[in-house]
Participant: 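One structure is given below, represented as structure tokens, and several questions about it will come after.
Start at 1 and go down the list; that is how both ligands and their atoms are numbered.
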Amino acid sequence: MAGGVVRFDIFTLFPEMFSSPFDASIIRRACEAGRATLTVHNIRDYATGKHHMTDDTPYGGGGGMVMKPEPIWNAVERVLGFDPAGRPDVPPLILLTPQGRPFTQAMARELTAHERLLLICGRYEGVDERVRQYLATDEISIGDYVLTGGEVPAMVVVDAIIRLIPGVLGDPGAAADDSHASGLLEYPHYTRPALYRGYPVPEVLLSGHHAEVDRWRRREALRRTYERRPDLLAHADLSQADREFLAQLDAEED
Ligand code: ADE
């Protein structure tokens, strides 16, 4: 990441979908502070022919429509200034598709290493296979469900990356404490009042003993992960004390 700036180019048939999500909150601030630039390109602007068609019927028959390769390819080529196909030095060209690699926090972190990222939002029944095979360098899915297109997934990926760019979150430690950052779910949070509708805040958090608070938070993160996402524990960074606490939770279950 060059000085903590990521340049995003998003290719879509529905650019208007991006205006309000990118115009609010942390993403907007990141752009205003020059930490990220977001440019949304309308694939239709690169379609040729009288009708500016961006989709067509599938070869071999069957229902539905397929996004044509030319408008997408032309758009990417124009924005990059060269045809990226087969070149080793291209920025990641990510196709959002339910067939892609499942998106994770680790992938978000890896992607912040790039100065530039290009995201292609698929629509309709799919995108001509040649885009996937020869133009895209990566395919990402945001989960095992099917959305109407890659626009919302692209927003998810951009959001997850932007908040990791240094200086974007107010508190530099905030991203490090996140759920998933350390391989565990995050500990519970409380703020004033200490007693709300009869529900108290755990005593230890009011004690002012930082070491005790840290220990409690670590244990709650472990407990939560153990209860909700035990699959994460296999890859989490665990100390001997963490393992002993988990063994204790296991024993309590029996
Ligand atoms: N397009 C449609 N569904 C999707 C998903 N789950 N992830 C990425 N792109 C998609």
Participant: Regarding Glu151 and Thr12, is there a side-chain donor-to-acceptor distance under 3.5 Å anywhere?
Facilitator: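 Looking only at side-chain atoms, Thr12 and Glu151 do form a donor-acceptor pair, the distance falling under 3.5 Å.
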
Participant: If you measure from the Lys or Arg side-chain nitrogens to the Asp or Glu carboxylate oxygens, is any gap between Arg101 and Asp138 under 4.0 Å?
Facilitator: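 Looking at Arg101 and Asp138, the cut-off is met.
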
Participant: Which of the numbered atoms in ligand 1 are below 4.0 angstrom from a heavy atom of Pro153?
Facilitator: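 Within the 4.0 Å cut-off of Pro153, ligand 1 contributes 7 (N), 8 (C), 9 (N), 10 (C).
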
Participant: To check you understand the geometry: which heavy-atom pair defines the closest contact between Ile10 and Cys121, and what is its length?
Facilitator: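 Answer, listing the atom of Ile10 first, then Cys121: CG2-SG, 3.9 Å.
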
Participant: Among all protein heavy atoms in this structure, tell me which lies nearest to atom 10 (C) of ligand 1, with the distance rounded to 0.1 Å.
Facilitator: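 Nearest protein contact, heavy atoms only, for atom 10 (C) of ligand 1 is Pro98 CD, 3.5 Å.
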
Participant: Any cation-pi pair here, Arg87 with Phe82, using under 6.0 Å and within 45°?
Facilitator: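 Arg87 over Phe82 ring: yes.
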
Participant: Indicate, as side chain, backbone, both or neither, the part of Ile142 found under 4.0 angstrom from ligand 1 when only non-hydrogen atoms are considered.
Facilitator: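 Both parts.
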
Participant: Note the single closest protein heavy atom to atom 9 (N) of ligand 1, along with its residue, its atom name and the distance in Å.
Facilitator: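 The protein heavy atom lying closest is Thr97 N, 3.2 Å.
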
Participant: Hey, what's the ring geometry for His41 with Phe11, parallel, tilted or perpendicular (30° and 60° as the breaks)?
Facilitator: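 The rings of His41 and Phe11 lie parallel, inter-plane angle below 30°.
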
Participant: Looking only at distance, does Leu147 have an N or O less than 3.5 Å from an N or O of ligand 1?
Facilitator: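 The answer is yes, given that Leu147 and ligand 1 share an N or O pair closer than 3.5 Å.
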
Participant: By number and element, which atoms of ligand 1 are closer than 4.0 Å to a non-hydrogen atom of Ile140?
Facilitator: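 Reading through ligand 1 atom by atom, the close ones are 8 (C).
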
Participant: Would you say Gly122 contacts ligand 1, with heavy atoms under 4.0 Å as the rule?
Facilitator: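 It does not; every heavy atom stays at 4.0 Å or beyond.
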
Participant: Looking at Asp242 and Ser239, would you say the former's side chain and the latter's main chain have a donor-acceptor pair under 3.5 Å?
Facilitator: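 Between the backbone of Ser239 and the side chain of Asp242 there is a qualifying donor-acceptor contact (under 3.5 Å).
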
Participant: Students should be able to answer this: which protein heavy-atom is nearest to atom 6 (N) of ligand 1, and at what distance?
Facilitator: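 For atom 6 (N) of ligand 1, the nearest protein heavy atom comes out as Tyr145 O, 2.8 Å.
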
Participant: Check whether any N or O atom of Thr148, backbone or side chain, sits under 3.5 Å from an N or O atom of ligand 1, and answer yes or no.
Facilitator: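 No, Thr148 has no N/O under 3.5 Å of an N/O on ligand 1.
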
Participant: Around atom CD of Gln99, are there more than 12 heavy atoms of other residues, nucleotides or ligands at under 6.0 Å?
Facilitator: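 At most 12 heavy atoms, drawn from other residues, nucleotides or ligands, come within 6.0 Å of this atom.
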
Participant: At less than 4.0 angstrom from any non-hydrogen atom of Gly149, what atoms of ligand 1 do you find?
Facilitator: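 Counting from 1, the qualifying ligand atoms are 1 (N), 2 (C).
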
